[in-house]
Amino acid sequence: MDNPVMDKSRSVSAAGAEQVASSRVRAVAGQLDGSDTYRTVRAGGTTDWLLLVTTAGRGRLRLTGGQDLSTGPGEITLVEPYTPHDYGTDPDARRWSLRWAHLDPRPDWLPLLDWPSPLPGFRQLRVNQAVRDRVVQSLDRATAAARNGLRLSSQFAMNAVEEALLWCDTQNPDRLALDARLLAVVEHVAEHLDQPHTVQSLARIADMSATRLAHLARAQLGTSLMLHVQQQRMDLAGQLLLVTNLPIAEIAVRVGYRDPLNFSRRFRAATTLSPTEYRLAAGNHTKPPIRGRGSPELN
């Protein structure tokens, strides 16, 4: 993807810009509770991207020329590289609590930063509380990882920040933003694959009719809801076959099948191999992919 910001940065002297994140440490995250007098000014901006996630109160970002951009709990804001920084607590809010992260993105992150731009040098998404909370959790893990002293601490922090960006991407209006009710269903399924599910039972999670949920899932997931559940079951089963020595009967229970024979039939339909054959093939480095939409639909 073309990136006009990076093109711009090549023509701007970095002498006045501060460097926080870099190609060696691509993500630096933290949190701040700002009083009514909090303000940060960096005339040359930074050489990296700055992600701002408000959790309480409201912040005010000022552009050269006096324009203001407000950021509250319903928005997540990106400041582009080399954009002058002048931000602080909104005087009317008297408080600004936030998570922040400086990013030196890998090339494959750039599409995740392709957000709407309300003002030059700034990008912003509107997010629901469920997604904002997940972004905050990811950034908190990034902050903790950077301080844990492990040899790969910077990589753990970078992965946590990437997770935050992926959550943001679910709300990007330039793509199909995932409905918050469907997101709750998808997460419930992922966390309870050992339980039986139907469209009707999942509709209660979403607090909507089964018919409406089925239409929403097909529109936003590109497949039926129960085929999505089936795919998640098969994906987890494949992972467990690869990385554990659990008996097949126990794997079957963990992915929602009380009958191991029924599980084996479903797994063969998804992969062309029985669970035993799949495990052996993986040991020979010939693991086939799990088919998604060709799998039979089931509860």
Undergrad: Got a salt bridge between Asp140 and Arg99, using NZ or NE/NH1/NH2 to carboxylate O under 4.0 Å?
TA: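 Judged by the 4.0 Å cut-off on N to carboxylate O distance, Asp140 and Arg99 do form a salt bridge.
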Undergrad: Looking at residues at least two apart in the chain, or sitting in another chain, which of them share a ring pair (Phe, Tyr, Trp, His ring centres under 6.0 Å) with Phe263?
TA: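 Phe263 satisfies ring pair (Phe, Tyr, Trp, His ring centres under 6.0 Å) with Tyr257, Phe267 once adjacent residues are dropped.
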Undergrad: Counting C-beta onward and ignoring hydrogens, is there a side-chain heavy-atom pair between Leu112 and Arg106 closer than 4.5 Å?
TA: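 Answer no - side chains too far apart.
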Undergrad: State whether the side chain of Glu187 and the backbone N or O of Ala184 hold a donor-acceptor pair below 3.5 Å, judged by distance alone.
TA: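 Flag not set: sc Glu187 to bb Ala184 has no pair under 3.5 Å.
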Undergrad: Would you say Met158 and Glu162 make side-chain contact, with heavy atoms under 4.5 Å?
TA: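 They are not in contact (no side-chain heavy atoms under 4.5 Å apart), so the answer is no.
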Undergrad: For Ala281 and Leu273, which heavy atoms make the closest approach, and how far apart are they?
TA: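 Nearest heavy atoms, Ala281 then Leu273: CB-CD1, 4.1 Å.
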Undergrad: Taking side-chain contact (heavy atoms from CB on, under 4.5 Å) as the criterion, tell me which of Gln200, Arg218, Arg181, Met208 meets it with Leu213.
TA: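 For Leu213, the side-chain contact (heavy atoms from CB on, under 4.5 Å) test succeeds with only one of Gln200, Arg218, Arg181, Met208, which is Met208.
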Undergrad: Would you check if the side chain of Gln220 reaches a backbone N or O of Asp179 as a donor-acceptor pair within less than 3.5 Å?
TA: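 Checking the backbone N and O of Asp179 against the side chain of Gln220, a donor-acceptor pair under 3.5 Å is found.
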Undergrad: Do Asp92 and Arg58 touch side chain to side chain, with heavy atoms closer than 4.5 Å?
TA: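 No, their side chains stay 4.5 Å or more apart.
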Undergrad: Apply side chain to side chain contact (heavy atoms under 4.5 Å, CB included) to residues Val127 and Val135 and explain how you reach the verdict.
TA: CA-CA 10 Å; Val127 299; Val135 172; over 6 Å; no
Undergrad: How about CD on Glu191, more than 12 heavy atoms from neighbouring residues, nucleotides or ligands closer than 6.0 Å, or not?
TA: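 Result for CD/Glu191: enclosed.
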Undergrad: Checking Ser117 now: which residues fulfil side chain to side chain donor-acceptor pair (under 3.5 Å) with it, not counting sequence neighbours?
TA: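 Scan of Ser117 (side chain to side chain donor-acceptor pair (under 3.5 Å), adjacent residues dropped) gives none.
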Undergrad: Any heavy-atom pair between the side chains of Pro275 and Ser264 that's under 4.5 Å?
TA: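 In short, these two side chains touch, coming nearer than 4.5 Å.
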Undergrad: Going by the rule side chain to side chain donor-acceptor pair (under 3.5 Å), which residues pair with Asp86 if we only count those two or more places apart in sequence or in a different chain?
TA: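 Scan of Asp86 (side chain to side chain donor-acceptor pair (under 3.5 Å), adjacent residues dropped) gives Arg39.
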Undergrad: Who pairs with Arg265 by side chain to side chain donor-acceptor pair (under 3.5 Å), at least two apart in sequence or on another chain?
TA: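 With sequence neighbours excluded, Arg265 shows a side chain to side chain donor-acceptor pair (under 3.5 Å) to no residue whatsoever.
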Undergrad: Between Asp48 (side chain only) and Val20 (backbone N and O only), is there a donor and an acceptor less than 3.5 Å apart?
TA: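 Yes, Asp48 side chain to Val20 backbone: donor-acceptor pair under 3.5 Å.
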Undergrad: Rounded to the nearest 0.5 Å, what's the gap from CG on Leu165 to CG on Asn172? Could you check?
TA: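 If I round to the nearest 0.5 Å, the distance is 11.5 Å.
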Undergrad: Count the heavy atoms of every other residue, nucleotide or ligand shown that sit under 6.0 Å from CG of Asp207, and state whether that count exceeds 12.
TA: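 Check fails, neighbour count at 12 or below.
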Undergrad: Grab the two heavy atoms, one from Leu69 and one from Pro118, that are nearest each other, plus how far apart they are.
TA: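 That would be CD1-CG, 3.9 Å.
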Undergrad: Working to the nearest 0.5 Å, report the span between CZ of Arg134 and CG of Leu183.
TA: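 CG of Leu183 is found 5.5 Å from CZ of Arg134.
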Undergrad: Under the 3.5 angstrom rule, does the side chain of Gln124 hit a backbone N or O of Ser70 as a donor-acceptor pair?
TA: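 Yes, because the side chain of Gln124 sits within donor-acceptor range (under 3.5 Å) of the backbone of Ser70.
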Undergrad: Parallel, tilted or perpendicular: which fits the ring planes of Trp96 and Tyr87, with parallel below 30° and perpendicular above 60°?
TA: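 Rings of Trp96 and Tyr87: perpendicular, as their planes differ by over 60°.
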Undergrad: Distance from Gln231 atom CD to Met226 atom CE, nearest 0.5 Å?
TA: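 These two atoms lie 13.0 Å from each other.
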Undergrad: For the residue pair Arg26 and Pro105, what are the closest heavy atoms and their distance?
TA: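 Where Arg26 meets Pro105 most closely, the heavy atoms are NH1-O, 3.4 Å.
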Undergrad: Do Leu78 and Leu51 touch side chain to side chain, with heavy atoms closer than 4.5 Å?
TA: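 SC-SC contact between Leu78 and Leu51 confirmed.
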Undergrad: Establish, from distance only, whether the side-chain atoms of Arg95 and Ser97 form a donor-acceptor pair under 3.5 Å.
TA: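 Distance-only check passes for Arg95 and Ser97.
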Undergrad: Roughly how far, to the nearest 0.5 Å, is the CZ atom of Arg132 from the CD atom of Gln137?
TA: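 Going from the CD atom of Gln137 to the CZ atom of Arg132 covers 10.5 Å.
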Undergrad: When you compare the side chains of Asp235 and Gln239, does any donor N or O come within less than 3.5 Å of an acceptor on the partner?
TA: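 Note: Asp235 and Gln239 side chains miss the donor-acceptor criterion.
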Undergrad: Identify, with sequence neighbours excluded, every residue that meets salt bridge (charged side-chain N to carboxylate O under 4.0 Å, His left out) alongside Arg94.
TA: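 Here the qualifying residues are Asp36.
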Undergrad: Go through Leu242 and Tyr278 one step at a time and tell me if the side chain to side chain contact (heavy atoms under 4.5 Å, CB included) criterion holds.
TA: CA-CA 8 Å; Leu242 291 181; Tyr278 189 90; 4.1 Å; yes
Undergrad: How far does OG of Ser154 sit from CG of Asn159, to the nearest 0.5 angstrom?
TA: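 Answer rounded to 0.5 Å: 9.5 Å.
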Undergrad: Check whether Val243 and Leu193 end up in the same hydrophobic cluster, where Ile, Leu, Val, Met, Phe, Trp and Tyr are linked by side-chain heavy atoms less than 4.5 Å apart.
TA: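 They do share one cluster, since a chain of ILVMFWY contacts under 4.5 Å joins Val243 to Leu193.
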Undergrad: How close do Gln171 and Leu125 get, heavy atom to heavy atom, and via which atoms?
TA: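 Between these two residues, the closest heavy atoms are O-CD2, 4.1 Å.
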Undergrad: Answer yes if Leu221 and Leu202 sit in the same cluster of Ile, Leu, Val, Met, Phe, Trp and Tyr residues linked by side chain heavy atoms under 4.5 Å apart, and no otherwise.
TA: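 Shared cluster, yes.
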Undergrad: Indicate whether the side chain of Glu18 and that of Thr46 have a donor and an acceptor atom separated by less than 3.5 Å.
TA: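 Side chains of Glu18 and Thr46: no pair found under 3.5 Å.
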Undergrad: Applying side-chain contact (heavy atoms from CB on, under 4.5 Å) between Leu241 and each of Leu236, Thr276, Ile248, Leu246, report the one that passes.
TA: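 Single pass found, and it is Ile248.
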Undergrad: Can you tell me if Thr143 uses its side chain to pair, donor with acceptor, with the backbone of Leu139 under 3.5 Å?
TA: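 Indeed, once roles are kept as given, a pair shorter than 3.5 Å links the two residues.
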Undergrad: Got a sec: does the NE2 of His215 have more than 12 other heavy atoms crowding it under 6.0 Å?
TA: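 Not more than 12 within 6.0 Å, no.
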Undergrad: Side chains of His228 and Val185: does their closest heavy-atom pair fall under 4.5 Å?
TA: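 In short, these two side chains do not touch, never coming nearer than 4.5 Å.
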Undergrad: Is there a side-chain contact between Arg268 and Glu277, using heavy atoms and a 4.5 Å cut-off?
TA: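 The answer is yes, as the side chains (C-beta and beyond) meet within the 4.5 Å cut-off.
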Undergrad: Please check if any side-chain donor atom of Ser35 sits under 3.5 Å from a side-chain acceptor atom of Thr37, or the reverse.
TA: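 Yes, side-chain donor-acceptor contact under 3.5 Å.
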Undergrad: Are Thr47 and Pro81 packed together at the side-chain level, in the sense that at least one heavy-atom pair is separated by less than 4.5 angstrom?
TA: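 Thr47 vs Pro81: side chains apart.
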Undergrad: May I ask you to decide if Gly88's main-chain N or O and Arg62's side chain share a donor-acceptor pair within less than 3.5 Å?
TA: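 Absent.
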Undergrad: Quick one: does any side-chain atom of Thr77 pair with a main-chain N or O of Leu52 as donor and acceptor, under 3.5 Å?
TA: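 Side chain of Thr77 to backbone of Leu52, a donor-acceptor pair under 3.5 Å: no, none is there.
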Undergrad: Kindly determine whether Arg279 and Ile251 satisfy side chain to side chain contact (heavy atoms under 4.5 Å, CB included), including the steps that lead there.
TA: CA-CA 12 Å; Arg279 181 173 265 169; Ile251 291 176; 3.6 Å; yes
Undergrad: Hey, is the main chain of Glu250 close enough, under 3.5 Å, to the side chain of Arg254 for a donor-acceptor pair?
TA: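 Checked: no pair found.
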Undergrad: Of the non-hydrogen atoms in Cys168 and Ile76, which two are nearest, and what is the gap between them?
TA: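 In terms of heavy atoms, the two residues are closest at SG-CD1, 3.8 Å.
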Undergrad: Evaluate His197 against His188 for ring pair (Phe, Tyr, Trp, His ring centres under 6.0 Å), listing each step before the verdict.
TA: CA-CA 10 Å; His197 299 297; His188 177 82; 5.7 Å; yes
Undergrad: Say you draw a straight line from CE of Met234 to CZ of Arg266; how long is it, rounded to the nearest 0.5 Å?
TA: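 Met234 atom CE to Arg266 atom CZ measures 8.5 Å (nearest 0.5 Å).
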Undergrad: Is there a chain of hydrophobic side chains (I, L, V, M, F, W, Y, each step under 4.5 Å between heavy atoms) that links Leu61 to Leu63?
TA: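 Leu61 and Leu63: one cluster.
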Undergrad: Can you tell me which residue pairs pass the ring-ring contact (aromatic ring centres under 6.0 Å, His included) test with a partner in residues 109-168, sequence neighbours excluded?
TA: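 Passing the test, one end in residues 109-168: no pairs.
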Undergrad: What are the two closest non-hydrogen atoms of Val161 and Ala142, and how far apart are they?
TA: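 Residues Val161 and Ala142, closest heavy atoms: CG2-CB, 3.7 Å.
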